[in-house]
A.B. asks: 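Structure in structure tokens, see below.
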Amino acid sequence: MYSVFIVDDEIIVRDGLRRKIDWEHSQFSFAGEAGDGEIALSMIQDIKPDILITDIRMPFMDGIELARAVKKLQPWIKIIILSGHDEFDYAKKTIAIGVEDYILKPFTLEELMASLNRVAESLDKQKQQFTDIDRMKKELESTTLLAQEKLLTDIVFGVLDTSTAIQKASNFGINLIAHYYSVCVTEIHVKDDIIENLVAAKSRLMQLAKNSTEKIGFFISPNTFVSIIKGSTKETVEESAFSAADTLKHEVSSVEGATSITAIGSIVEHTANITKSFQEASLIVRKTAFANKNKVISANDINTQESSSLELQENDPLVDRLNYADESEIDLIISEYISMLGKNTDSFSIIASYLLVDVIMAVSKVIENLGGDIKQEMPEVLTHSFVEQAVQNESIFISEIKKVLESLLKYRNTHAQGKYTDVILRAKKYIDKNFTNPDISLRTTAEAVNFSPNHFSTVFSQECGVTFIEYLTQVRIEQAKKMLANTDMKSTDIAYEVGFNDPHYFSFIFKKTMGVSPREWRNSQANTEQ
């Protein structure tokens, strides 16, 4: 199923498409809508649809500008342009951008569905291409590609001097010259090590590398992809780096059973310093490689105390893991410790005692690195009675070690993520204050907390577990529920009060979220009170 996002400044057009297309019985799902290109771009960055349908003539940002921006930020999105003008100049521009179809208004529902089906067929063929293992292997093993990867590997490792690196890169048609650089390192994880899925993921990333001029991408090992991001300002490089990381994550996760960790190195000046950014990103990937989940981490976002440990040195592996683990990974860590215990029940308490002390020492180190003291934060785990009680049997051992790790993560998240916590709190306050404004967007909220949109989108979704749009919708729907239950206002008026500029869209989103219409929900609350 492919998700579709609609942009048109005419409410009647958006409403018609949303209501007349039989989403439930088609191969498409309705992802969202917007009335102008500027708001749409912000929403699209967060929602990440497969297909965009947009009008050309709109206020603030027209369809051509929107299509150009979307193709730059999220190149996988297929675009269908709607236009009331049969002008060759418009059509020529859309072809240059890479738009899939150009439909003239007025159009019939059949014409639009035919266009959507053609795009879906194109997406299906694209998927099929990524499963053509023989073709992909030949592509990945070509002599020219291997030579290019060797050169770029030498560049990120700092083997070549600047002039030699620039000259050799130009021989491959690669322009290495820029004011600023940042290096992304992406490690691909494939469930059950299915080679066909790994090759499919690699092929997707290589296709991205082919289609980009500002991002230089190549494989440095069978499952590690490196992207050199370059630009004229630090701001553009940061935005491009997070956009690239987002795109890489999307492409890898499109392959069954595949996930990725992408680390973004700091922004540096001069070609010679590319290796510094690469080393930072590589180290972060090594420390987070155990997590079989999609994640984006930036070296610039790691707080000062933690970054002091980002030196190329040997550390306790468990300390490194606990620096980045979340609650979903606790069971994996515990299971690994349980496997070390073996089946020798006679010596269980002795071995378990050593392992528990090992965990406590790692926990103590993490707390210390964050400026704390385990004696103050978890004094109970330092007592002999705690260890003695915890190693009575396997069940108690698992329970106690889980409590220790959960306590650590709570402590770490309120200290190590102080920078993020402040950003998220400020963002949520901004949303609470402005959710009634229909023009609030990811972009305006990012500006309010002094983040770039792509950076903010990544931070918000990873820290909150939901996207910005999902959170904003939750806030609006919760307020709407209060107003439905406690006032006699019409649902149409409530829609405007909570920030929707289209009552029909509000009803659609309310039913999608709550499972019933606003009227049905209000009636259910009235019946409950009786």
Side-chain angles (χ1 to χ4, degrees), residues 71-76 98 126 129-130 136-137 139-158 160 165-166 168-178 180-190 198-231 236-255 258-265 267-268 271 274-275 277-282 284-285 294-299 454 458:
K71 281 295 184 182
K72 181 179 179 181
L73 293 170
Q74 296 174 324
W76 69 83
Q126 193 175 68
Q129 287 178 347
F130 289 128
M136 290 188 289
K137 282 184 176 178
E139 188 178 274
L140 292 167
E141 293 169 359
S142 71
T143 304
T144 303
L145 181 61
L146 291 173
Q148 182 174 305
E149 288 180 345
K150 171 66 168 63
L151 168 65
L152 293 170
T153 300
D154 287 344
I155 289 172
V156 296
F157 274 106
L160 305 175
I166 292 173
K168 288 192 172 185
S170 68
N171 293 338
F172 285 98
I174 299 172
N175 178 13
L176 202 62
I177 300 172
Y180 296 96
Y181 305 87
S182 178
V183 178
C184 296
V185 176
T186 301
E187 186 163 286
I188 304 169
H189 301 269
V190 177
L198 176 60
V199 175
K202 290 179 68 173
S203 182
R204 283 180 174 271
L205 300 195
M206 287 309 302
Q207 193 61 43
L208 282 178
K210 285 181 183 178
N211 296 335
S212 177
T213 56
E214 294 182 355
K215 306 175 186 71
I216 304 165
F218 61 100
F219 276 92
I220 202 167
S221 73
N223 68 331
T224 305
F225 187 75
V226 176
S227 306
I228 302 174
I229 316 297
K230 56 194 183 75
T236 57
V237 170
E238 180 187 53
E239 187 75 350
S240 294
F242 276 94
S243 173
D246 193 36
T247 302
L248 291 165
K249 181 173 71 173
H250 176 273
E251 292 298 327
V252 173
S253 61
S254 297
V255 177
T259 57
S260 66
I261 300 288
T262 296
I264 303 173
I267 299 170
V268 297
T271 310
I274 288 175
T275 184
S277 184
F278 167 72
Q279 287 176 342
E280 289 176 346
S282 296
I284 293 172
V285 165
N294 292 304
K295 188 173 285 188
V296 175
I297 303 172
S298 168
N454 278 320
T458 299

A.B. asks: How about V226 and L152: do any of their side-chain heavy atoms sit closer than 4.5 Å?
C.D. replies: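 Contact flag for V226/L152 side chains = no.
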A.B. asks: Consider side-chain contact (heavy atoms from CB on, under 4.5 Å). Of I267, V268, T236, which one does Y180 pass it with?
C.D. replies: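 For Y180, the side-chain contact (heavy atoms from CB on, under 4.5 Å) check succeeds only for I267.
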A.B. asks: Working to the nearest 0.5 angstrom, can you tell me the gap between I188 CD1 and T262 OG1?
C.D. replies: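 So the gap between those two atoms works out to 9.0 Å.
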A.B. asks: Answer yes or no: is there a side-chain heavy-atom contact under 4.5 Å between F219 and L145?
C.D. replies: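 The answer is no, as the side chains (C-beta and beyond) never meet within the 4.5 Å cut-off.
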A.B. asks: Of all heavy-atom pairs between C184 and I264, which one has the smallest distance, and what is that distance?
C.D. replies: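 Taking C184 first and I264 second, the nearest heavy atoms are SG-CG1, 3.8 Å.
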A.B. asks: Any side-chain heavy-atom pair from V255 and V190 closer than 4.5 angstrom?
C.D. replies: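 Heavy-atom side-chain distance check fails, nothing below 4.5 Å.
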A.B. asks: Can you find a pair of side-chain heavy atoms, one from T247 and one from K215, that are under 4.5 Å apart?
C.D. replies: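 Side-chain contact under 4.5 Å: no.
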A.B. asks: Give the minimum heavy-atom separation between A263 and V285, together with the two atoms involved.
C.D. replies: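 Closest approach of A263 to V285, heavy atoms only: CB-CG2, 3.6 Å.
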A.B. asks: Applying the side chain to side chain donor-acceptor pair (under 3.5 Å) criterion to W76, which one of E251, Q207, H250 satisfies it?
C.D. replies: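 In the set E251, Q207, H250, the residue that makes a side chain to side chain donor-acceptor pair (under 3.5 Å) with W76 is H250.
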A.B. asks: Could I get the full list of ring pair (Phe, Tyr, Trp, His ring centres under 6.0 Å) partners for F157, not counting sequence neighbours?
C.D. replies: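 Checked F157 against ring pair (Phe, Tyr, Trp, His ring centres under 6.0 Å); matches are F278.
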A.B. asks: Taking side chain as C-beta onward, heavy atoms only, is I261 less than 4.5 Å from H189?
C.D. replies: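 Sidechains of H189 and I261: in contact.
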A.B. asks: Do L248 and S227 have side-chain heavy atoms sitting under 4.5 Å apart?
C.D. replies: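 The answer is yes; the side chains approach within 4.5 Å.
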A.B. asks: Is the NZ atom of K168 crowded by more than 12 outside heavy atoms at less than 6.0 Å?
C.D. replies: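 Open.
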A.B. asks: Taking only residues two or more places apart in sequence, or in another chain, which ones meet S253 in a side chain to side chain contact (heavy atoms under 4.5 Å, CB included)?
C.D. replies: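 Testing S253 for side chain to side chain contact (heavy atoms under 4.5 Å, CB included), a comparison that skips the adjacent residues, returns N294.
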A.B. asks: Just so I know, are the side chains of V156 and F218 near enough to count as touching, which here means a heavy-atom distance under 4.5 Å?
C.D. replies: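 Result yes, sub-4.5 Å side-chain heavy-atom pair found.
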A.B. asks: If you define the side chain from C-beta out and look only at heavy atoms, does anything of F225 sit under 4.5 Å from K202?
C.D. replies: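 Side chain of F225 against side chain of K202, heavy atoms only: no contact under 4.5 Å found.
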A.B. asks: Check the pair E149 / I220 against side-chain contact (heavy atoms from CB on, under 4.5 Å), numbers first and verdict last.
C.D. replies: CA-CA 7 Å; E149 288 180 345; I220 202 167; over 6 Å; no
